[in-house]
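All values reported here derive from a predicted model rather than from experimental measurement. As a basis for the values below, the full set of heavy atoms in this structure was taken, side chains included, without hydrogen atoms, waters or symmetry mates. In what follows, chains carry the letters A, B, and so on, assigned in the order in which the sequence lines appear, proteins first and then strands, with residues in each chain numbered from 1.
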Amino acid sequence: MNRQWLHAWVAALLVCALLAVGYEWLLRQRGYLVTVQDDADLWSMQLDRIRNSPRAVALLGASRIEFGIDPQLLSHELGGRPVAMLAVNGRYPLAALRELADDPSFVGLAIVGVDARGMQRRHWEMQQSYFDHYRRRWTLSRWIHRKLLTVLQENLVLVRSPFAATNIVERWIAGEGPPVNDHVFVRADRAGFIDYHQPNLAFIRASRVADLVRYYREEPPTDARTWLHDLDAVSAWVEKIQRRGGRVVFFREPAADESLALDEANFPRDRYWDAYARRAPATMIDFRDVPEMKALVLPDTSHIDATDVPRFTIALANLLKSMKLVD
Amino acid sequence: MTFDSLTFVVFLAAIFGGYWAVRSWTARKVFLLSASYLFYAAWNPFFVLLIIATTGFDWLASHWMDRVQRPSHRRAILASSIAINLGSLGFFKYAQFFADNAVDLLHVFGINFEPVSLGILLPVGISFYTFESLSYVIDVYRRRIAVSRSLLDYGLYVTFFPHLVAGPILRYGDFSPQCAEPKSWESAEVGKGLALFVYGLALKVCLADLVFAPVVDRVFASGVHAGIGESWLGATSFSLQAYCDFAGYSLCAIGVALMFGFRFPMNFESPFGSVGMAELWTRWHMSLASWIRDYVFLPLGGYRRGRLRGEANLLFAFLLVGLWHGAAWTFVVWGGLQGAFISAEHLVKRYVWDFGKVDNRFGRAALAVATFGMFSIAAVFFRAHSFGQGAAILASMFAPGGRSTLVPFSEAMVALVLGACVVGSHILFGHLRRWDWLDRLSVAPRAASIALALAAVVFSPGFNPAFIYFQF
């Protein structure tokens with residue numbers, strides 16, 4: 001290499017390394033933690049794990065599953081079965097169930113974390129884009145990229161997108177200060193853990209309840225008859241999986257206080273969940289029927305704290321075993 | 001495997017090390033060709049067979065053409081090669097478009113068919129390598145270049161990984177002498193190539209993806225209505241996004257090629273410093289513009305058969321440019337607008353005011369900004385999901401009084417300031433052509449420019465969306 005270019009490169013790399021080290025130090029000083037950033041590629045890696053395995057367990061759902069169940073621990077409790085975390089924060093999972101039903105290679109156990117609200121037809125398509133991504137964009141090249149990115153994200157705070165320089169500048173212009181420390185940690189297997197031992201818990205709880213109130217105001221519930229009628233299609237997907245030896249469990253995960261009251265007011269259990277349970281080909285589990293789950297504390301009324309994840313996971317594993325859903 | 005992926009960093013390091021470790025020049029070219037097929041297989045291994053088949057066919061056709069003397073035979077061979085190449089491009093890229101339009105057309109006549117989904121996957125980069133193959137066989141037919149004696153060299157011309165999926169569109173006449181000349185570590189401009197690669201990455205991952213794309217996505221989202229200010233912000237941001245994305249990719253390609261001792265033509269040269277659309281198209285996607293000029297516009301007669309015919313030829317060429325970019329009418333409208341703007345500019349220059357002769361610095365800067373505005377007006381159709389959306393945004397751009405709050409103030413400010421920096425730098429430094437001026441800089445400014453670009457890359461973690469031009 002030309003000597004002048006060599007000197008320029010050495011100087012530039014030194015400057016950049018110093019800047020990066022300084023920025024990383026500053027972020028850690030402010031209490032930000034390393035965490036893997038979830039995306040469709042990380043999700044695709046999980047889907048790869050369960051295809052063609054009759055012993056596979058697919059965890060479908062939204063945030064309550066993603067931030068509630070530890071797939072590693074569940075796998076251990078279930079005798080080493082491959083467990084894939086396919087739940088997606090903020091998106092209900094019915095499209096995922098349909099896709100697994102249409103995939104002849106899936107012959108395992110699907111645990112679908114969902115409530116009556118999430119079973120409404122209007123929410124069915126929320127996870128479809130993840131399967132589209134898997135089919136159209138997921139390649140070996142992306143797998144390598146995601147593996148390397150995960151290693152970086154497991155070791156550096158500065159590689160998280162909220163800390164992009166442009167984002168910091170935009171927040172500064174908007175007077176929003178530094179990025180919010182959400183105290184969320186995600187592992188490479190997409191298991192998430194929320195630390196609720198933080199000063200702004202009351203604000204988080206109030207925001208969550210306010211969001212749910214707004215949701216129900218803007219999107220009134222589907223009437224029970226239509227809701228049940230729509231689920232005939234879902235039953236057909238369940239039957240499709242079960243005909244080839246797989247199993248499906250609909251699991252109503254824990255909720256508490258205002259969230260539970262709002263859900264119950266809009267989707268009374270006897271007219272929705274229990275009504276479907278009477279005709280569903282799948283196994284239906286409601287957390288209120290499981291004392292260990294009912295006893296869990298939900299700081300924001302909807303999710304459990306990271307310290308309770310093992311207890312919740314073991315309770316679910318024991319339940320699956322007691323119901324002979326796994327051997 | 002995109003240039004902004006970590007996979008590519010590993011791939012590049014491995015191929016770079018392997019290339020310079022091999023001593024024999026032929027073995028190095030074989031190594032590069034194999035690596036290029038591996039690079040392409042990262043998208044879809046099946047399509048490697050397609051590229052090998054078309055490469056082999058065109059190489060054989062050119063040899064056959066070289067051997068026969070009768071013009072009618074040569075024409076027939078050329079026609080078959082063009083048919084194979086355009087047939088392949090047409091099938092993979094335009095079959096669905098034609099099927100959809102046929103259904104729509106029949107509907108007009110009262111014949112109703114359900115729209116059919118052909119489910120055809122588009123081989124990445126097919127528009128680029130098809131044009132390279134076509135230019136080769138046409139140039140051999142015209143006897144402008146000697147037929148390739150080496151299938152290895154020709155294969156490398158079509159497939160060399162830096163340009164394979166998004167150009168620049170090479171010409172065999174420029175590339176083949178480089179294949180004949182063995183590269184040495186001393187002659188290869190590794191440091192400069194690496195610097196260009198990092199500059200290109202900075203344009204893509206920082207400016208295109210994090211600054212301009214979020215603004216564009218908000219303004220062009222379905223079901224929203226932007227007011228006059230945000231319509232202009234969205235349109236100009238898209239011009240800048242497209243520039244940073246594609247010029248960034250081209251710069252990466254040029255830089256990587258340089259690391260292996262190969263020189264690629266420039267593809268973008270400060271286009272937003274241009275005075276007038278005609279000049280802009282000599283600085284924007286230059287390898288495509290010159291291809292269309294040499295293989296469409298000039299063979300149609302150019303301006304040799306009168307001004308009116310010339311303008312018609314120009315419009316036709318730009319409609320093709322539009323269609324080349326995508327199988328949708330919005331792209332055709334975009335191309336048509338570019339052609340119409342240039343024709344209108346010819347008329348203005350001829351009969352009203354030859355603004356190209358303005359030599360006042362501020363006057364030229366104002367004209368460059370106006371040209372950027374014109375380009376952005378047309379760009380609306382490039383980005384719009386449908387003709388209706390494009391027309392609605394265009395109408396908003398000229399409807400005073402309309403207001404909207406789609407883009408947060410902070411995002412808009414960052415996009416405006418950095419957009420002004422990009423356009424301003426094109427106006428101020430547009431006279432600097434190619435990248436040779438980099439070699440004249442002393443170590444400190446070189447180091448500063450690399451550090452700035454590296455920092456822009458390192459401090460721009462995001463979700464690396466695909467390069468815009470990969471869809472073509």
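- When all heavy atoms are compared, the tightest approach of Ala12(A) to Ala451(B) is CB-N, 3.6 Å.
- Atom CZ of Arg136(A) sits in a sparse spot, with 12 or fewer heavy atoms from other residues, nucleotides or ligands closer than 6.0 Å.
- Heavy-atom neighbours of Met126(A) CE from other residues, nucleotides or ligands within 6.0 Å: above the threshold of 12.
- Counting non-hydrogen atoms of neighbouring residues, nucleotides and ligands closer than 6.0 angstrom, the CZ atom of Arg28(A) exceeds 12 such neighbours.
- For the atom pair CG of Leu140(A) and CE of Met1(B), the computed distance is 8.5 Å after rounding to the nearest 0.5 Å.
- When the candidates Trp143(A), Tyr23(A), Trp172(A) are compared by the number of heavy-atom contacts under 4.5 Å with chain B, Tyr23(A) comes out ahead.
- Interatomic distance, CG of Leu452(B) versus SG of Cys16(A), reported as 9.0 Å (0.5 Å rounding).
- With Ser410(B) contributing its side chain and Arg171(A) its backbone, the two residues share no donor-acceptor pair below 3.5 Å.
- Other residues, nucleotides and ligands place no more than 12 heavy atoms under 6.0 Å from the CZ atom of Phe409(B).
- For Leu14(A), no part sits under 4.5 Å from any heavy atom of chain B, backbone or side chain.
- Considering all non-hydrogen atoms of both residues, Ala455(B) and Leu19(A) come closest at CB-CD1, 4.5 Å.
- Summarising the geometry of Cys206(B) relative to Thr166(A), their closest heavy-atom pair is SG-CG2, 4.3 Å, with the distance given to 0.1 Å.
- The shortest non-hydrogen separation linking Val443(B) to His7(A) is CG1-CB, 3.9 Å.
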Begin from the C-alpha positions of Leu194(B) and Trp9(A) and carry the test side chain to side chain contact (heavy atoms under 4.5 Å, CB included) through to its verdict.
-> CA-CA 9 Å; Leu194(B) 205 53; Trp9(A) 264 102; 3.6 Å; yes
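- How far OG of Ser5(B) is from CZ of Arg142(A): 8.5 Å, rounded to the nearest 0.5 Å.
- Between Val458(B) and Val159(A), the closest side-chain pair of non-hydrogen atoms is not below 4.5 Å.
- Side-chain N or O atoms of Trp5(A) include none that pairs as donor or acceptor with a backbone N or O of Val190(B) at under 3.5 Å.
- Of all non-hydrogen atoms in Leu210(B) and Ala164(A), the two that sit nearest each other are CD1-CB, 3.9 Å.
- Contact record, Leu148(A) with Thr7(B): CD1-N, 4.4 Å, taken as the closest heavy-atom pair.
- At least one donor-acceptor pair under 3.5 Å links the side chain of His145(A) to the backbone N or O of Leu6(B).
- Expressed to the nearest 0.5 Å, how far CD1 of Ile173(A) lies from CD of Glu411(B) amounts to 10.5 Å.
- If you measure heavy-atom distances from Ala195(B) to chain A, the contacts under 4.5 Å come from both the backbone and the side chain.
- Residue Thr139(A) holds its OG1 atom at 8.5 Å from CH2 of Trp43(B), rounded to the nearest 0.5 Å.
- At a 4.5 Å heavy-atom cutoff, Val9(B) makes no contact with chain A through either its backbone or its side chain.
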